[in-house]
Amino acid sequence: MSVKAKQTLPWCKSLMKEVKKLGALKQTGVSLRYMMEFGSNPTPKSLLISAQFLHKELPIRIAWRVIELHDLPHGLSQTVPVLKVRDWYLDSFRDLRSFPEIKDMDDEKEFTEMIKAVKVRHNNVVPTMALGVQQLKTVYEDPNEIDEFLDRFYMSRIGIRMLIGQHVELHNPNPPQNCVGYIHTKLCPMVVARNASEDARSMCYREYGSAPDVNIYGDPEFTFPYVSAHLHLMVFELVKNSLRAVQERFMDSDKVAPPIRIIIADGIEDVTIKVSDEGGGIARSGLSKIFSYHYSTARNSSNEPDPSDLGIAGNVTMAGNGYGLPICRLYARYFGGDLQVISMEGYGTDAYLHLCRLGDSQEPLP
């Protein structure tokens, strides 16, 4: 069925009316600490409460996104990729709204299977949206307008996938040690940094035939509660960028490529991870654009999908469509952190990943 044909289906009008009704309701944010405490001892009663919350909350969050996808400027709403994404959201909205009230554990199990399918349906949202944005790149008078929309849209997506993933994972009969759903209560950032760096170096080897060293400094005994996959994704992205910059700068040089340095600091409020390289830095004129979805520091940008899901996608290359840094910053901000990049053109770049260690920050609902 074509996209246009799908738009004229009889349920569309009534469905959009329902979307507008729920899109007027307030979204309810949760904190990392709440997720951790609520899921620390999953019982049938707590799973039932969780499912009932999601049954009410997910359609509201999805409705907000459908309305925004429907009202995008510059004709972006009518591009085939964006219509495809909107239809995925509409399908998920309809599935959630047509699911009856959750009264017992049989309902809860059925609901959990349904939201698993919803999560899978949205796996390719980021590359598909990127394609839609790419098609209209030349007509934007104000790229900030699209960047602000994409920030809201992808932040919402992170939240929806976190809530679904956390609920689903609480059903795991054999959870990994010190894990509450997706949250690792004693996560060692040194271990995550080492694993993410090795993944990034393997990719660098595949692309260039060699890779600079990565030196990690910090307390190997230090742990804090965080989502392991989120942290892996962020460190992986930053190290990947640094490896590419250093590799390309020293590729034809007689000098040995200097190592990337990762420093992990345990503060009272924040855990800060600094990724430093001597890859030549970014020009000051480009520094203000690094968090734009239209910009890439890569010499030859391509339009490959970004590893923006929980876990790292298998088809990532060393240089992409400019989505890595802005999405990385959204993951940091999701639990109250942030990402800052400071650069010295002609020398190198320092990226500071600030992670809120208190876990009390509410989701920044767009």
Side-chain angles (χ1 to χ4, degrees), residues 29-54 57-58 105 108-109 111-113 115-120 122-123 157-199 216 218-237 262 264 266 270-271 273 307-314 328 330-337 353-363:
V30 293
S31 68
L32 180 69
R33 186 188 291 267
Y34 178 79
M35 285 189 210
M36 200 162 60
E37 288 172 357
F38 182 84
S40 59
N41 181 28
T43 61
K45 187 182 177 184
S46 66
L47 290 173
L48 195 60
I49 291 168
S50 174
Q52 288 165 343
F53 168 72
L54 293 182
E57 178 65 17
L58 290 176
M105 287 310 290
E108 190 277 333
K109 283 189 179 69
F111 178 77
T112 300
E113 289 306 310
I115 60 174
K116 268 190 202 174
V118 165
K119 189 165 178 279
V120 170
H122 293 252
N123 278 350
R157 181 175 184 269
I158 290 168
I160 288 169
R161 294 178 81 76
M162 179 68 200
L163 290 182
I164 292 176
Q166 180 70 4
H167 177 79
V168 169
E169 191 57 32
L170 289 177
H171 289 75
N172 187 344
N174 300 301
Q177 191 178 10
N178 299 318
C179 284
V180 176
Y182 270 161
I183 302 160
H184 196 306
T185 60
K186 293 183 178 179
L187 186 65
C188 176
M190 286 279 285
V191 170
V192 177
R194 196 177 302 121
N195 292 339
S197 298
E198 283 311 307
D199 284 352
I216 305 172
D219 178 3
E221 301 299 313
F222 167 63
T223 64
F224 76 119
Y226 208 74
V227 179
S228 177
H230 285 196
L231 185 55
H232 187 287
L233 181 147
M234 291 184 283
V235 176
F236 169 85
E237 182 63 36
I262 300 177
I264 299 166
D266 164 24
D270 281 355
V271 175
I273 299 174
S308 63
D309 195 3
L310 287 168
I312 300 299
C328 191
L330 293 182
Y331 272 96
R333 288 179 171 177
Y334 179 67
F335 283 128
L353 186 59
H354 302 284
L355 307 171
C356 182
R357 68 168 299 170
L358 302 177
D360 287 329
S361 172
Q362 291 289 110
E363 292 178 280

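Below, each value reflects all heavy atoms present in this structure, side chains not excepted, and no hydrogens, waters or symmetry copies.
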- Message: Is the shortest side-chain heavy-atom distance between V227 and F335 below 4.5 Å?
- Response: yes
- L32 side chain near R357 side chain, heavy-atom distance below 4.5 Å: no
- Task: Just jot down the ring pair (Phe, Tyr, Trp, His ring centres under 6.0 Å) partners of F222, sequence neighbours excluded, or say none.
- Result: F224
- Mind checking side chain to side chain donor-acceptor pair (under 3.5 Å) for S40 and listing every partner two or more places apart, or none if nothing turns up? none
- Minimum side-chain heavy-atom gap I273-L231 below 4.5 Å: yes
- Item | Nearest non-hydrogen partners of G159 and E363, listed with the distance | CA-OE2, 3.7 Å
- Note on the structure: Sorted by chain and number, sequence neighbours left out, salt bridge (Lys or Arg N to Asp or Glu O under 4.0 Å) with K116 holds for E113
- Query: Who passes ring pair (Phe, Tyr, Trp, His ring centres under 6.0 Å) against Y334, sequence neighbours left out?
  - Reply: none
- Item | N123 versus R157, closest heavy-atom pair with distance | O-NH2, 3.3 Å
Show me the donor-acceptor pairs within less than 3.5 Å that the side chains of residues 188-197 make with the rest of the protein, sequence neighbours left out.
| unit_1 | atom_1 | unit_2 | atom_2 | d |
| --- | --- | --- | --- | --- |
| N195 | ND2 | V191 | O | 3.4 |
| S197 | OG | A193 | O | 2.6 |

- Not counting sequence neighbours, which residues clear side-chain contact (heavy atoms from CB on, under 4.5 Å) with K109? List them please. M105
- Applying side chain to side chain donor-acceptor pair (under 3.5 Å), name anything that partners E108, two or more places apart in sequence or on another chain. T112, H167, H171
- Message: If the test is side-chain contact (heavy atoms from CB on, under 4.5 Å), which one of V30, V168, I115, I158 qualifies with L163?
- Response: V30
- Who are the side chain to side chain donor-acceptor pair (under 3.5 Å) partners of N172, not counting sequence neighbours? E169
- Taking only residues two or more places apart in sequence or in another chain, which ones pass salt bridge (Lys or Arg N to Asp or Glu O under 4.0 Å) with E57? R61
- Classify the angle between the aromatic ring planes of Y34 and F38 as parallel (below 30°), tilted (30 to 60°) or perpendicular (above 60°). parallel
- Query: For H354, what residues pass the side chain to side chain donor-acceptor pair (under 3.5 Å) criterion, not counting sequence neighbours?
  - Reply: T272, Q340
- Who are the ring pair (Phe, Tyr, Trp, His ring centres under 6.0 Å) partners of H184, not counting sequence neighbours? none
- Message: A side-chain contact here means heavy atoms from C-beta on lying under 4.5 Å apart; do H122 and I160 qualify?
- Response: no
- Message: Using the side-chain contact (heavy atoms from CB on, under 4.5 Å) definition, which of the options L47, L48, I49 pairs with K45?
- Response: I49
- Message: I'd like to check the salt bridge (Lys or Arg N to Asp or Glu O under 4.0 Å) partners of D219; sequence neighbours left out, ordered by chain and number.
- Response: none
